[in-house]
Q: 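Next up is a structure, given as structure tokens.
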Amino acid sequence: MSRKPAALLASGVVAALALTACGGGDGDDSEGSANVGGLEACIDDPNNCNAAERKQGGELTWALSSGWDAWNGNTAAGNSLYLTQVTTGISIPTGQFLPDSTWEWSRDLLAKEPELIQESPMVVRYEVRPEAVWDDGTPIGSLEDFLFHRNSLTSNKDLCNADCDPAAVSYGDNVESIDEVDGGIEVTFVEGYLDPEWSLSVPISLPSHIATEEGFDWQNDPAEMGEAATWFNSTIPYWSAGPYKIDVDSVNMGQSLSLVPNEAWYGEIKPTLDKINLEVISEQPTMLTALENGEIHGSEPASLQADVAEQAGDLPGVVSSIGPRPAWDHIDMNLNNSFLSDIEVRKAIFTAISLDQILEATYDPITESEKRTNHVFPATSPYHEDIISELGQGSGDIEAAKKILADAGYELDGETLKNKDGSDIEPLSLVWLEGNEMREITMTLLQSTLEKLGIPSELNPNAPDKLGTTLAERKFDIVEFGWIGSPAFTGSPSQYWNSGSSSNYAGLKSDAIDEATEAVLLTTDFAEAAALANEAAKLVAAEYAILPVVTTPGLIVMSDTIANIRPNGATQTGPFYNIAEWGFKA
């Protein structure tokens, strides 16, 4: 990512700048991983397992579980896990979480570690190495690059109109000014804004000079800034700031593309591969067959399937592992639906859903899974609080749910629930990412639960490369999807639930929630920020609009000829975090 890790839509979608766990986050404990076969060293040495000398050359093919339908990850429509992964090789290497959850800032890009030079107001200084250039030779990290990134991630219509469609605004809305000072860039935040995770951001992402060359007067006209953001969303990146660049002629949008080495790459570790092919194989059995036949070299599927995990361990010449991921699934309701706009209806549905039943039917037969009871922190985090159980959410109490509906004035006509005025309830559209077996099971169980309440519904799996658009345009009544982030968390509440965030897919509108999410970014103390994040999550839970389901474990499977690819449960990019090191064993 080119900014502080945002929560990305998982298994098809991702987020921006906010992360979903801190210190002991989703991916902080590699000892929780279970090896299906090989990669045993990742338990004790997560940062170096599968390390090997690389031979020069070769063409490596990696399978993705889902596609992408936009190119600008700063936007809500483009804020997807798979876009992040296919563009990791061309993105600015600002810093990353290593598999053991430690943070490493990029010595390729930065001349020195970012520096907090003032707290009131907060001022952060960045110094970019003069050797760091875009592939056309233009220096990275100009004042304009910093300004373009800020303008991309703000709700301030004086900087960018609605076309920017920012995935998160907690960064851009809190930047007071950006200035070039003594050879560095100093970002001054608004008075009162503080963030204990300030060091995780180097706020640059896209080449501002390309926008200028394309004729957008983005610095002076908010409408043209919006047009520039839209242009980046629809344009195949022909620029690169990383070790690879996209072969634009290879792109089959949302299905496949190839990466070739960036000859202008300034980093210490040089690519050895001639080409990396990334292609979507949504069906896991098909992926496994392709791996067995040598058509691909590996994959990290979006979800676990019991038969695939078992078969992966039996394939000759293949290594695999099950372990933690910084991802969690949740069920969201569209508050723009007239029926679901009634909080008593939402309360009844969340009371009727049984999280235990869902886990028993999905992940429990494969590996130990964690029922999610917090919208920000997994159970492994020291900041975790169970905020849903006392509300009865996920309890599976059908009779209590029926009573909630009856008390609210809803009556059954036989076995069919009617609106309060006696009219029929329109069937609810239940949406999930097509090909995700666990979510299909979950939504099928949800349909059965709704039937017990007399509520009609329809199962509508979403095309793998269209989930981002479906969410952004709210083409669902109830949806299950995932956020994937990292051990960082302070930006997540604003991204998930602030009324000004384009990632607020449920459509929450609450002054109290807005104030609570903004309060998380008013301190540099981690414990205080975590407590404030929990308070914001409690307000969200009380709206009965978003139900956490499970912290999702993950499978990685690959040929034993590959060097330096390893699971990384602490970052959104997963095994792509060190793509410059990928290669074939010498």
Side-chain angles (χ1 to χ4, degrees), residues 1 4-8 10 18-36 38-52 81 84-85 88 93-110 113-114 196-202 267-269 298 300 319-328 367-368 370 376-384 483-490 492 526-527 530 551-558 562-582:
M1 294 293 290
K4 185 172 81 177
L8 298 178
L19 299 173
T20 54
C22 168
D26 288 296
D28 67 327
D29 185 3
S30 294
E31 293 182 2
S33 65
N35 288 281
V36 180
L39 296 177
E40 289 87 354
C42 294
I43 296 176
D44 298 319
D45 191 11
N47 293 349
N48 300 296
C49 59
N50 200 38
L81 169 62
T84 298
Q85 291 187 334
T88 295
T94 58
Q96 61 193 351
F97 284 99
L98 300 178
D100 68 354
S101 290
T102 57
W103 173 259
E104 179 182 73
W105 56 275
S106 174
R107 290 163 176 79
D108 290 328
L109 178 75
L110 301 175
E113 191 169 357
E197 294 170 350
W198 62 267
S199 64
L200 304 186
S201 288
V202 176
E268 179 182 359
I269 298 174
E300 187 184 50
V319 293
S320 58
S321 179
I322 295 174
R325 299 174 71 225
W328 61 287
T367 186
E368 183 177 347
E370 176 208 322
V376 181
F377 301 110
T380 53
S381 170
Y383 304 124
H384 174 268
W483 287 121
I484 185 166
S486 80
F489 72 89
T490 57
S492 296
F526 274 100
T551 299
T552 53
L555 169 72
I556 187 170
V557 55
M558 60 183 146
I562 293 176
N564 305 323
I565 298 183
R566 61 184 64 95
N568 186 346
T571 179
Q572 300 161 340
T573 55
F576 287 77
Y577 83 100
N578 66 336
I579 193 170
E581 299 180 60
W582 285 20

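What you see below is based on every heavy atom in this structure, not just the backbone, and it leaves out hydrogens, waters and symmetry mates. One-based numbering along the sequence shown.
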Q: Which heavy atom of Ser101 sits nearest to which heavy atom of Ala570, and what is that distance?
A: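 Shortest heavy-atom separation between Ser101 and Ala570 comes out as OG-CB, 3.5 Å.
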Q: So do the side chains of Asn564 and Asn50 get within less than 4.5 Å of each other, counting heavy atoms only?
A: no
Q: If only atom types and distance count, is the side chain of Thr571 paired as donor or acceptor with the main-chain N or O of Gly574 below 3.5 Å?
A: no
Q: So, taking the atom named OG in Ser321 and the one named CD1 in Ile43, what distance separates them when rounded to the nearest 0.5 Å?
A: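 So the gap between those two atoms works out to 7.0 Å.
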Q: To the nearest 0.5 Å, how far apart are CD1 in Ile565 and CD1 in Ile579?
A: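 Ile565 atom CD1 to Ile579 atom CD1 measures 8.5 Å (nearest 0.5 Å).
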Q: How long is the span from the CG atom in Leu110 to the OG1 atom in Thr94, to the nearest 0.5 Å?
A: 7.5 Å
Q: Which heavy atom of Arg566 sits nearest a heavy atom of Pro99, and at what distance?
A: CD-CG, 4.2 Å
Q: Would you mind reporting whether Trp103 and Leu200 have side-chain heavy atoms less than 4.5 Å apart?
A: yes
Q: Got Pro575 and Ile556 here, is their nearest side-chain heavy-atom distance under 4.5 Å?
A: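 SC-SC contact between Pro575 and Ile556 confirmed.
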Q: Give the minimum heavy-atom separation between Pro553 and Thr367, together with the two atoms involved.
A: CG-CG2, 3.7 Å
Q: Should Tyr383 and Phe526 count as side-chain neighbours, where that means a heavy-atom distance under 4.5 Å?
A: yes
Q: How close do Val376 and Phe489 get, heavy atom to heavy atom, and via which atoms?
A: CG1-CB, 4.1 Å
Q: Check whether any side-chain heavy atom of Asn568 sits under 4.5 Å from a side-chain heavy atom of Thr573, and report yes or no.
A: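 No, side chains not in contact.
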Q: Could you walk me through whether Gln85 and Glu300 pass the side-chain contact (heavy atoms from CB on, under 4.5 Å) check?
A: CA-CA 11 Å; Gln85 291 187 334; Glu300 187 184 50; 4.2 Å; yes
Q: Can you tell if the side chain of Leu555 reaches within under 4.5 Å of the side chain of Ser320, non-hydrogen atoms only?
A: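 A side-chain contact under 4.5 Å exists here.
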Q: Minimum heavy-atom separation for Thr490 and Pro196, please, with both atom names.
A: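 Nearest heavy atoms, Thr490 then Pro196: CG2-CG, 3.8 Å.
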Q: Within the structure provided, determine whether Gln96 and Leu98 are in side-chain contact (heavy-atom separation under 4.5 Å).
A: yes
Q: What are the two closest non-hydrogen atoms of Asp108 and Glu268, and how far apart are they?
A: OD1-N, 3.0 Å
Q: Tell me every residue that passes side-chain contact (heavy atoms from CB on, under 4.5 Å) with Glu113, counting only those two or more places apart in sequence or in another chain.
A: Trp105
Q: Do Trp328 and Glu370 have side chains that approach each other closer than 4.5 Å (heavy atoms only, starting at C-beta)?
A: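 A side-chain contact under 4.5 Å is absent here.
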